[in-house]
Amino acid sequence: MGKKNGPYKKSSWTSDLGRLTEKGNLKNGKLDGVFEIYYDNDQLHTRGNYREGIPVGLWEYFHDSGLLQRKTHYDEQGVEGYYFEENYHENGKLADTGYYKNAESDVQFDGLHKTFYENGQISMRCWYNDGQPLGDP
């Protein structure tokens with residue numbers, strides 16, 4: 001018997017109604033292509049791409065209100081290697097931006113990192129090198 005190919009859907013059954021929680025596509029039994037996860041209120045929680053079961057490229061994460069919460073990037077091996085990330089407040093305004101890199105045991109700031117108040121005004125700017133602050137640019 002061959003491995004499963006085609007649409008992938010997962011539902012959560014509450015009372016007598018099924019609710020879609022995940023959807024994507026399977027190729028040779030592994031997730032491949034666009035993949036989405038949903039909140040209990042049917043709002044999109046996560047959207048990204050898989051290639052042969054590995055997360056790759058841009059992934060977006062959303063608040064349960066539907067507003068964007070975070071963007072991140074995965075390399076071809078499914079690792080958030082060296083990447084730029086944006087995080088958002090619940091009101092939809094930018095919360096922080098910065099470059100990150102995966103160290104052996106954790107993720108570190110690297111390069112310019114900015115944080116913002118909920119009104120959109122900048123609260124901090126700092127340069128980092130291997131997780132160590134270098135001061136204000």
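Of the inter-residue distances, the one linking Asp110 atom CG with Trp127 atom CH2 reads 9.5 Å to the nearest 0.5 angstrom. Lys23 contributes atom NZ, which lies 13.5 Å from atom CG of Leu31 (distance to the nearest 0.5 angstrom).
The environment of OH in Tyr8 is crowded: more than 12 heavy-atom neighbours from other residues, nucleotides or ligands sit within 6.0 Å.
Leu94 and Tyr88 make their closest contact through CD1-CE2, 3.6 Å (heavy atoms, listed as atom of the first residue, atom of the second, distance). Asn91 and Leu67 make their closest contact through C-CD1, 3.7 Å (heavy atoms, listed as atom of the first residue, atom of the second, distance).
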Under 3.5 Å, sequence neighbours excluded: what are the donor-acceptor pairs made by side chains of residues 113-123?
from, atom 1, to, atom 2, distance (Å)
His113, ND1, Thr97, O, 3.3
Thr115, OG1, Ser123, OG, 2.7
Thr115, OG1, Met124, N, 3.4
Asn119, OD1, Gln121, N, 2.8
Ser123, OG, Thr115, O, 3.2

Using a 3.5 Å cut-off and no angle test, enumerate the donor-acceptor pairs between side-chain atoms of residues 48-59 and protein atoms at least two apart in sequence or in another chain.
from, atom 1, to, atom 2, distance (Å)
Asn49, OD1, Val34, N, 3.4
Arg51, NH1, Glu76, OE1, 2.2
Trp59, NE1, Asn49, O, 3.2
Trp59, NE1, Val56, O, 3.3

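Partners of Lys93 by salt bridge (Lys or Arg N to Asp or Glu O under 4.0 Å), not counting sequence neighbours: none found. A search for side chain to side chain contact (heavy atoms under 4.5 Å, CB included) contacts involving Asp64 returns Tyr39, Asn41, not counting sequence neighbours. Applying the side chain to side chain contact (heavy atoms under 4.5 Å, CB included) criterion to Ile37, with sequence neighbours excluded, gives Glu22, Phe35, His45, Thr46.
Looking at heavy atoms from C-beta onward, Tyr38 lies out of side-chain contact with Thr21 at the 4.5 angstrom threshold.
Among residue pairs with one or both ends in residues 25-34, none qualify as side-chain hydrogen bond (donor to acceptor under 3.5 Å, both in side chains); sequence neighbours excluded.
With respect to Arg70, the salt bridge (charged side-chain N to carboxylate O under 4.0 Å, His left out) criterion is satisfied by exactly one of Glu86, Glu60, Glu85: Glu85.
Note: Tyr100 and Phe109 meet the aromatic proximity criterion, with ring centroids under 6.0 Å apart.
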